[in-house]
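Have a look at the structure below before the remarks.
To find a chain, count down the sequence lines: A is the first, B the second, and so on, and within it residues start at 1.
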Amino acid sequence: MILPRRFHQRDPVTLAKALLGQTLVRVLDDGERLAGRIVEVEAYLGVEDRAAHTCGGRRTVRNQSMWGQAGHAYVYFTYGMHHCMNIVADRPGVPTAVLLRALEPLEGIDTMRRLRSDKIASHRLRDADLCSGPAKLTQAMAIDRTLDGADLTRRGALFLEKAEGVEASRMVVCPRIGVGYAGEWATKPLRFYERGNENVSRKES
DNA sequence: ATGACGATTTACT
DNA sequence: GTAAATCGTCATA
């Protein structure tokens, strides 16, 4: 079953926790299906959040997806070489989102490994190296700006299937990664991951 | 038109 | 641990 619009129409912290355990599915142009279980996420809280791209109400060409309807993808390009994928939360005009930081590979693992190996020299990547970071998972799932704005509640190139969630007792809650520039917002507990999962990008910081 | 900067990853000391 | 890679985006002028 595909996760419905209503699932996404919540505040980003609630959505972030609910997304842990759910399945992200990517269908390639040739029909091959790649899938991963979401095991690490971060919530971005919108205009007040100094770490968010929509901080201060900024609305730009790049971040316009964050201002739109929940359940769509917000994919951005950064560091001149990497893509990161978010899931838009809340309602139109409230620009919040959840960043996907790590997946546990489920389907299409050989293709994921090829997509990752094409870019880097090292051969024989472990399964846990395929999707253990926000830009690694977009590489392994062939996600780029062409999928920005994609509706994740429809069976297309990218969508979310319902699976068993992760209980609060098995979640680690800690500060977000890589947002040291955001002042007091850098230390807020907005990162969530499944305790003990080997695919997580880093242990608690 | 210009310049500074990343919601990162990888390789190397 | 530190540094390089690499360029679209956005604020400033």
- With a 4.0 Å heavy-atom cut-off, tell me which residues in residues 96-109 of chain A come close to DNA chain B, sorted by residue number. A:Leu99, A:Arg101
- For the side chain of A:Met81, counting heavy atoms from C-beta on, which of B:dT10, C:dA5, B:dG6 is nearest?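 Selected nucleotide: C:dA5.
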- Can you tell which of B:dT9, B:dA7, C:dT9 lies closest to the side chain of A:Arg145?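 My answer, after comparing the listed nucleotides, is C:dT9.
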Distance in angstrom units between [X] [atom1] and [N] [atom2], rounded:
{"X": "A:Arg62", "N": "C:dC10", "atom1": "CZ", "atom2": "P", "value": "6 Å"}
{"X": "A:Asn63", "N": "C:dG8", "atom1": "CG", "atom2": "C1'", "value": "14 Å"}
{"X": "A:Arg202", "N": "B:dT10", "atom1": "CZ", "atom2": "P", "value": "12 Å"}

- Do A:Ser65 and A:Asp148 have side-chain atoms, one donor and one acceptor, less than 3.5 Å apart?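 Looking only at side-chain atoms, A:Asp148 and A:Ser65 do form a donor-acceptor pair, the distance falling under 3.5 Å.
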- Message: A:Arg26 and side chain to side chain contact (heavy atoms under 4.5 Å, CB included): which single residue from A:Met141, A:Met112, A:Arg33, A:Glu107 fits?
- Response: A:Met141
- Test side chain to side chain contact (heavy atoms under 4.5 Å, CB included) applied to A:Leu130 and A:Asn199, A:Leu103, A:Leu125, A:Leu137, the passing residue: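 Testing each of A:Asn199, A:Leu103, A:Leu125, A:Leu137 against A:Leu130, the sole residue satisfying side chain to side chain contact (heavy atoms under 4.5 Å, CB included) is A:Leu125.
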- Just the dot-bracket of DNA chain B, please: which string comes out with Watson-Crick or G-U pairs under 3.5 Å, [ ] for crossing, | for another strand? ||||||.|||||.
Using a heavy-atom cut-off of 4.0 Å across all strands, would you classify [X] as base, sugar-phosphate, or nothing?
{"X": "A:Met66", "value": "base"}
{"X": "A:Tyr79", "value": "base"}
{"X": "A:Ala51", "value": "base"}

- Task: Examine C:dA11: is either OP1 or OP2 under 4.0 Å from a nitrogen or oxygen in the side chain of A:Arg58? Give yes or no.
- Result: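 Checking C:dA11 against A:Arg58, a side-chain N or O does come within under 4.0 Å of OP1 or OP2.
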